[in-house]
Q: 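Before anything else, here's the structure in question.
In this text, all values refer to a predicted model and were calculated from it rather than measured experimentally. Each chain gets a letter, A, B and so on, in the order the sequences are listed, and its residues count up from 1.
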2 protein chains.
Amino acid sequence: MQTDQRIVRAMAELLRVQGYGSTGIQQVARAADAPTGSIYHHFRGGKREIAAAALRTTGAAYIELLPLLLDPHPDLPTGVEAAFAAAAEDMAGTGWANMCPVGTVAGEIADTEPDLRRVAAEIVTSWVDAGSRYLAGRGLPETDARSAIYALLTSLEGGFLLARAQRSTEPLLAAGRAVAAYIATLPVAADA
Amino acid sequence: MQTDQRIVRAMAELLRVQGYGSTGIQQVARAADAPTGSIYHHFRGGKREIAAAALRTTGAAYIELLPLLLDPHPDLPTGVEAAFAAAAEDMAGTGWANMCPVGTVAGEIADTEPDLRRVAAEIVTSWVDAGSRYLAGRGLPETDARSAIYALLTSLEGGFLLARAQRSTEPLLAAGRAVAAYIATLPVAADA
DNA sequence: GTCTATAACCTGATAGAC
DNA sequence: GTCTATCAGGTTATAGAC
């Protein structure tokens, strides 16, 4: 793999686990098997620019999971519940590492790193847009689709947070049941 | 106010805004109007111990808000929706500062600071216990009450996260509607 | 383009005078 | 108990040899 790709990947992994403030450039360099100076050759913007690239690539990758996880299920509620259960299994199986660097980082830098906050906002907006398009395609009215994807995303990020703190699958499983039940109350969705 | 209380309060405020890794002891000292050395006189455990104390005090304060916010409303669903709307208003009015240091910190230290992770887990567990007791007192069956408080907490923490990233009330408002609709599907809850 | 060495500064923590 | 001065090691970022 190319050096700059290794750097971005290492940063994404470290952001996921320990956030932005606690992640050092030298730590990224070690994890990417690159010397310190080489990092600034590839990313003149330094730490911030690497973090922005890491968030963007993982953000783009994650939204593609939504159709992959929900398409196999005949109706949305059971699909959502299964997706949350799969996320819970993944977390338990990987030592409760967070699934999403955007979630780990967003809260911590929202007031102190305006550029990164804007990147996080773009990613979330892209998730909402793509997600509500998908849900509308499965039969939800447009405004309901938008509410539903927000409900799904907030529950998922909050579920990651509590599951990680408690080292338990229960928060994610309960959140999945709740989102599924909510979507089931929306028109047409019950068998969409 | 006593010096040690000022230190804990300053730490809580900084944790809320920028998380654990980015918060320095000297920064806490400045915010608390205390010299660096004085901090280690009051808290021999240093940064970790102060952060633990800050999380515990704010965690205890937050769970007391639940009855205050929900008691005035005749049924749970409208109460929940109003509480999320109030949280959204608060965030918008305070420049999108996070409402909850536990949320900002939990994700970032879960793998790197075992002691603090355990503190966060205790706090979440106390929230779940007190919250499900309250919801059971409002008429929900016990297992439903536990699911419902998890749904509420995950949606709230995730809502804070997305609202902060997007600087928008929409994530919290949508999350509130979803949790309210979910609780309305539970037995007895519709008019509890 | 890759890598070493280092600048300038900040970190958590401590020792010890007041 | 309060505060100053400082330690050893970390930080981001850069300059310049290879």
Q: In terms of side-chain heavy atoms of B:Ser38, which of D:dT2, D:dT14, C:dG12 is nearest?
A: D:dT2
Q: Rounded to the nearest Å, what distance is computed from the CD atom of residue B:Glu113 to the P atom of nucleotide C:dG12?
A: 12 Å
Q: How close or far is atom P of D:dT14 from atom CD of A:Gln26, stated in whole angstroms?
A: 14 Å
Q: Select one nucleotide: of C:dC3, C:dT11, D:dT12, the one nearest the side-chain heavy atoms of A:Lys47.
A: D:dT12
Q: Check the distance between C:dA15's P and B:Ile39's CD1 and give it to me in whole angstrom.
A: 17 Å
Q: Whole angstroms only, please: what is the CZ-P distance between B:Phe43 and C:dT14?
A: 15 Å
Q: Let me know, please, whether A:Ser22 or A:Gly37 comes out on the 5' side of the other along DNA chain D by nearest nucleotide.
A: A:Ser22
Q: Is A:Arg117 paired with A:Asp111 through a side-chain N to carboxylate O contact shorter than 4.0 Å?
A: no
Q: Could you please spell out the steps behind the salt bridge (Lys or Arg N to Asp or Glu O under 4.0 Å) verdict for A:Glu81 and A:Arg177?
A: CA-CA 6 Å; A:Glu81 194 167 342; A:Arg177 282 195 302 273; 5.5 Å; no
Q: Tell me which nucleotide among C:dT4, D:dT14, C:dT14 gets nearest to the side chain of B:Tyr40.
A: C:dT14
Q: Which whole-number value in Å describes the distance from A:Arg30 CZ to C:dC3 C1'?
A: 16 Å
Q: What's the closest nucleotide to the A:Thr36 side chain, out of C:dA5, C:dT11, D:dT2?
A: C:dA5
Q: Rounded to the nearest angstrom, tell me the gap between atom CD1 in B:Ile7 and atom C1' in C:dG12.
A: 14 Å
Q: Using heavy-atom distances to pick each residue's nearest nucleotide on DNA chain C, tell me which of B:Gly24 and A:His42 is more 5'.
A: A:His42
Q: Rounded to whole angstroms, how far apart are CD on A:Gln27 and P on D:dT11?
A: 7 Å
Q: Under the side chain to side chain donor-acceptor pair (under 3.5 Å) rule, what do B:Asp129 and B:Ser126 come out as? Steps first, then yes or no, please.
A: CA-CA 5 Å; B:Asp129 288 349; B:Ser126 79; over 6 Å; no
Q: Specify the separation, in whole Å, of atom CD1 of B:Ile25 and atom P of D:dA5.
A: 20 Å
Q: Select one nucleotide: of C:dG1, C:dA13, D:dT14, the one nearest the side-chain heavy atoms of A:His41.
A: C:dG1
Q: Applying side chain to side chain donor-acceptor pair (under 3.5 Å), run through B:Gln18 and B:Thr23 and close with a yes or a no.
A: CA-CA 7 Å; B:Gln18 59 184 25; B:Thr23 297; 3.1 Å; yes
Q: Which nucleotide, C:dT4, D:dT12, C:dG12, lies nearest any side-chain atom of A:Pro35?
A: C:dT4
Q: Is the NZ or CZ atom of A:Lys47 both under 6.0 Å from the centre of the six-membered ring of A:Tyr20 and within 45° of that ring's axis?
A: yes
